[in-house]
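We count ligands from 1, going down the list as the structure has it; atoms in each ligand are counted the same way.
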Amino acid sequence: MSEVETLTIRRPDDWHLHVRDGEILQGVLAYTARQFGRAIIMPNLSPPITSAADALAYRARIIGALPAGADFTPLMTCYLTDTSDPDEIARGFESGAFVAAKLYPAHATTGSAHGVTDVANIRGVLERMAAIGMPLLVHGEVTDSHVDIFDREAVFIEQTLAPLLRDLPTLKTVFEHITTTQAVDFVTSSGPNVGATITPQHLHINRNAMLVGGMQPHNFCLPVAKREKHRLALRKAATSGSEKFFLGTDSAPHARDAKESACGCAGIFNAPFALESYAAVFEEEGALDQLEGFASLHGPRFYGLPVSEQTVTLRRDGADVPDVIDANGTPIVPFHAGERLAWRLAD
Ligand code: NCD
Ligand code: ZN
């Protein structure tokens, strides 16, 4: 048998993940736990996770849904609302119930109906977070109906994020799932307290993948994929070696029929082949040597957590992505459905 090329890196973490709850949680979690040592768990359940008690109960349900023998740590987050209380948020952080708080502008995306209607309303919370070093995770899109959906991230930087960081320059901030050159430039030119996650889909696809040859609901997520020049900027940032950019899949499972519908919901389920998907990008960019930094080192450094002492190995013998995945009774179409990816995570 000929030798198969392999790549061994420290075990990665996923710094932005939706695992849902109940039966779907049970059906999707193992895909993440197999690859990643830790994941930042998004709080946009219905109702959202807004208190330390909610987060502890959700964490227990996640741990209860892990396959036997899995070694995986969920890192919980708190969903900010207009009425979030600075003392409660700080207590949740200091007790270890949350590692961060998530800002969803109200109605920006799936599960954001209870989000913040104006950042002025959470000014006290943000000041406290800056004072105690608690990270703010930001869904960076404006929701003003007059702003074109393809411009919503860039306008958010101008209208909300830049002014916020001017006022609170030490606030530890993760600009989540960035999709534009403007976001890359903003993060690059900000201080070391500002980082960003990048998803596999925004490295692989541009907006044509949603709209050419018929509507492609399984390529629809928020923020939506943008023009090709933005995808190229994201690839450059992810593979640059800059510690500001790190892995966050934004894997967002939805039942197939909820996506293939007259009002298909936003979210791409990329968890099953996430590391393979990133590896494909890094190989195409001639930057496989940068994969470990992006996937396994930059995130822990940003969050002030230890890097993993474990490793994972990718083999260059191919992974076939199924057309559909049965998530404990719910059919979900994964990212790269029906494709073959060059690298495969070894068992
Ligand atoms: C996410 C979801 O489905 O929860 N959807 C998405 O398109 N990314 C929410 C989010 O992160 O915006
Ligand atoms: Zn998300």
Check whether any side-chain heavy atom of L45 lies under 4.5 Å from a side-chain heavy atom of D54, and answer yes or no. no
Any heavy atom of H16 closer to ligand 1 than 4.0 angstrom? yes
Do N206 and E228 have side-chain N/O donor and acceptor atoms under 3.5 Å apart? yes
For E176 and ligand 1, answer yes if some heavy atom of the residue is under 4.0 Å from a ligand atom, otherwise no. no
Do the side chain of R61 and the main chain of G22 share a donor and acceptor less than 3.5 angstrom apart? no
Side chain T239, main chain R235, donor-acceptor under 3.5 Å: yes
Under a 4.5 Å side-chain heavy-atom rule over Ile, Leu, Val, Met, Phe, Trp and Tyr, are L137 and L222 clustered together? no
For A252, the atoms of ligand 1 under 4.0 Å from one of its heavy atoms are 1 (C), 2 (C), 3 (O), 5 (N)
Using a 4.0 Å cutoff against the non-hydrogen atoms of G267, which atoms of ligand 1 qualify? 5 (N), 6 (C), 7 (O)
Within the 3.5 Å criterion, strictly below it, is a donor on D71 or Q310 matched to an acceptor on the partner's side chain? yes
For the pair R10 and E309, find out whether any cationic side-chain nitrogen is under 4.0 Å from an anionic carboxylate oxygen. yes
Within the 6.0 Å centroid threshold, strictly below: H204 and H202: no
Just checking, any donor-acceptor pair under 3.5 angstrom between side chains of K226 and T180? no
Give the contacting part of I268 toward ligand 1: side chain, backbone, both or neither, where contact means a heavy-atom distance below 4.0 Å. neither
Using a strict cut-off of 4.0 Å, indicate which atoms of ligand 1 neighbour a heavy atom of L222. 6 (C), 7 (O), 8 (N), 12 (O)
Quick one: do the E141 and H139 side chains pair a donor with an acceptor below 3.5 Å? yes
To check your reading of the model: name the closest protein heavy atom to atom 5 (N) of ligand 1, its residue, and the distance in Å. A266 O, 3.2 Å
Charged N to carboxylate O below 4.0 Å: is that the case for K102 and E176? no
Heavy-atom distances under 4.0 Å are what count here, so tell me which part of H177 touches ligand 1: side chain, backbone, both or neither. side chain
To which protein heavy atom is atom 8 (N) of ligand 1 closest, and what is the distance rounded to 0.1 Å? D250 OD2, 2.7 Å
Under 2.8 Å from the Zn ion (ligand 2), the protein N, O or S atoms found are H16 NE2, H18 NE2, D250 OD1
Hey, is the main chain of F302 close enough, under 3.5 Å, to the side chain of K172 for a donor-acceptor pair? yes
Does T173 use its side chain to pair, donor to acceptor, with the backbone of L171 at less than 3.5 Å? yes
Classify the contact between R20 and ligand 1 as side chain, backbone, both or neither, using a heavy-atom distance cut-off of under 4.0 Å. side chain
Should you measure from each heavy atom of N44, which atoms of ligand 1 turn up under 4.0 Å away? 2 (C), 4 (O), 9 (C)
Below a 4.0 angstrom heavy-atom separation, can you tell me which part of H139, side chain or backbone, both or neither, approaches ligand 1? side chain
Which residue and heavy atom of the protein sit nearest atom 10 (C) of ligand 1, plus the separation: T109 OG1, 3.4 Å
What are the atoms of ligand 1, with element, lying closer than 4.0 Å to any heavy atom of C221? 7 (O)
